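Quick notes on the structure that follows.
Numbering of residues begins at 1 and proceeds along the displayed sequence. All of these numbers come straight from a predicted model, not from anything done at the bench. Both backbone and side-chain heavy atoms feed into the values below; hydrogens, waters and symmetry mates do not. Remember, it's 1-based here, ligands and their atoms both numbered in the order they're listed.
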Amino acid sequence: MGLNRRRFLRWGLGAAAATPFGAKLLAQNATPKPASPAEASASAVEHVGCLADTTLCIGCRKCEEACNRRNKLPRPEVPFTDRTVFRQERRPVDKAFTVVNEYAGAPSPDQAATKQTYAKVQCLHCLTPSCVSACIVGAMVKAPDGAVVYNPKICLGCRYCMVACPFQIPAFEYDVTLDPRIRKCEFCASFANGTGADPACAAACPTEALVFGKRAALLALAKDRIEKRPDRYVNRIYGENEVGGTSWLYLTGRTGTEIGLIDLPSSPPAKQTESIQHGIFKYGIIPITVFGALGAVMWFNQRKADTNAKSAGPDKDAKKDGAHE
Ligand code: SF4
Ligand code: SF4
Ligand code: SF4
């Protein structure tokens, strides 16, 4: 007999209630959702941010190294002093939350003697983050200070956030068997912890190409630099308006697309993601069904992973633990 709607709903509800993942999902659905990205963006005036001035960056990769240490990521196979990494354009991955890329040509018209331009890439901590609105369980959250942070404890591993991000930032731990996480820059989450410390990358930058502060103050600083040096800077601050604005801002002497900054509209794609996700949540029975099905699949996958890990012996677990030391 085919799987009719009633049976599917019953199976979904049963699975939702019976499996650990389903229970987690149902609990999440019953929990008040965090403020929507649109609501969060309303308080953007208090958000912190970082201004990256590509005309000052020398490609030393100290920011990459500092990020690696602060986040206790595995040491890379190629040392941070090795400039051969610049032979190809890189993106942040699960073991490197930020990377610096090199582009041929001077950083600005008045720096003709300099033959390369460098640009750092990481999560831009959007004011209206698509990753947050795409996450059905609230594992991605826009903190009041502006940092977009991740909670691995409630993440389902669905990777919707990866698909939703217009900057292609969230990375998945594909080589981790048990409980793989999404990994990305969390702005060092120092503000969320109340320490007030600068993000590691900004603190390590020897040329002050990275300046940390309140986003509003950084915008004023960037505009001041453009006004004082029109010969150096393009009259545009990348991140001021892109996808509704971002907490990381870029000041450049060249067109953004020449140095890896993706050309994006000012309207946030999060609004569309939000309406789709919120549409799904409009009638309670649908999420329960979807969650039940998802829960059953996740529970099955988890059991399979557990069985594989047991048959592989203790080395697998040791490898996983060691990977983030
Ligand atoms: S850049 Fe991507 S991962 Fe970062 S906050 Fe924006 S949508 Fe989320
Ligand atoms: S803010 Fe922290 S996590 Fe983000 S790139 Fe800088 S050092 Fe890495
Ligand atoms: S530490 Fe500063 S100068 Fe060095 S690569 Fe990073 S942003 Fe550029």
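Ion pairing of Glu65 with Arg61 is absent here, as no side-chain N (NZ or NE/NH1/NH2) approaches a carboxylate O to less than 4.0 Å. Here Glu240 pairs with Lys223 in a salt bridge; the nearest charged N to carboxylate O distance falls below 4.0 Å. Ion pair Glu102/Lys115 not flagged as a salt bridge, since none of the NZ, NE, NH1 or NH2 atoms sits closer than 4.0 Å to an Asp/Glu carboxylate oxygen. Contact check on Lys153 versus Asp179 returns no salt bridge, with no Lys/Arg side-chain nitrogen under 4.0 Å from an Asp/Glu carboxylate oxygen.
Distances from atom 8 (Fe) of ligand 1 under 2.8 Å pick out these protein N/O/S atoms: Cys131 SG.
Ligand-side atoms of ligand 3 in range of Lys62: 1 (S), range being under 4.0 angstrom from any heavy atom. Every atom of ligand 3 with a heavy atom of Arg61 under 4.0 Å away is listed here by number and element: 4 (Fe), 5 (S). The ligand atoms of ligand 3 that sit less than 4.0 angstrom from a heavy atom of Ile58 are 3 (S), 8 (Fe). For ligand 3 and Thr207, the ligand atoms under 4.0 Å from any heavy atom of the residue are 3 (S).
Residues Lys142 and Ser247 have side chains in contact (heavy-atom distance under 4.5 Å, counting atoms from C-beta outward). Between Pro166 and Glu242 the shortest side-chain heavy-atom distance does not fall below 4.5 Å. At a threshold of 4.5 Å between non-hydrogen side-chain atoms, the residues Lys184 and Phe97 do not count as touching.
Centroid-to-centroid, the aromatic rings of Tyr118 and Tyr103 stay 6.0 Å apart or farther.
Relative ring orientation between Phe172 and Tyr174 is described as perpendicular, the plane-to-plane angle rising above 60° on a 0-90° scale split at 30° and 60°.
From the protein, the heavy atom lying nearest to atom 2 (Fe) of ligand 3 is Cys205 SG, 2.3 Å. For atom 4 (Fe) of ligand 3, the closest heavy atom belonging to the protein is Cys60 SG, 2.2 Å. Counting protein heavy atoms only, atom 8 (Fe) of ligand 3 is closest to Cys57 SG, 2.3 Å. Atom 3 (S) of ligand 2 has as its closest protein heavy atom Asn71 ND2, 3.4 Å.
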Residue pair Lys120, Val99: steps toward the side chain to side chain contact (heavy atoms under 4.5 Å, CB included) verdict: CA-CA 6 Å; Lys120 178 182 180 301; Val99 293; over 6 Å; no

From CA spacing to verdict: side chain to side chain contact (heavy atoms under 4.5 Å, CB included), Cys50, Phe187: CA-CA 9 Å; Cys50 212; Phe187 227 156; 4.1 Å; yes

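The backbone N or O of Leu73 lies less than 3.5 Å from no partner atom in the side chain of Asn71, so there is not a single donor-acceptor pair. The main-chain N or O of Gly59 is found under 3.5 Å from a side-chain atom of Arg83 such that the two form a donor-acceptor pair.
Counting only residues at least two apart or in different chains, salt bridge (Lys or Arg N to Asp or Glu O under 4.0 Å) contacts with residues 245-257 comprise Arg254-Glu258.
Taking a 4.0 Å cut-off on heavy atoms, Pro206 registers as neighbouring ligand 3. Ligand 3 lies nowhere less than 4.0 angstrom from a heavy atom belonging to Ala204.
Around atom 6 (Fe) of ligand 2, protein N, O or S atoms at a distance under 2.8 Å total 1; waters are neither shown nor counted.
Looking at Lys120 against ligand 2, only its side chain comes within 4.0 Å, counting heavy atoms.
Residues satisfying the side chain to side chain donor-acceptor pair (under 3.5 Å) test with Arg91, not counting sequence neighbours, are none.
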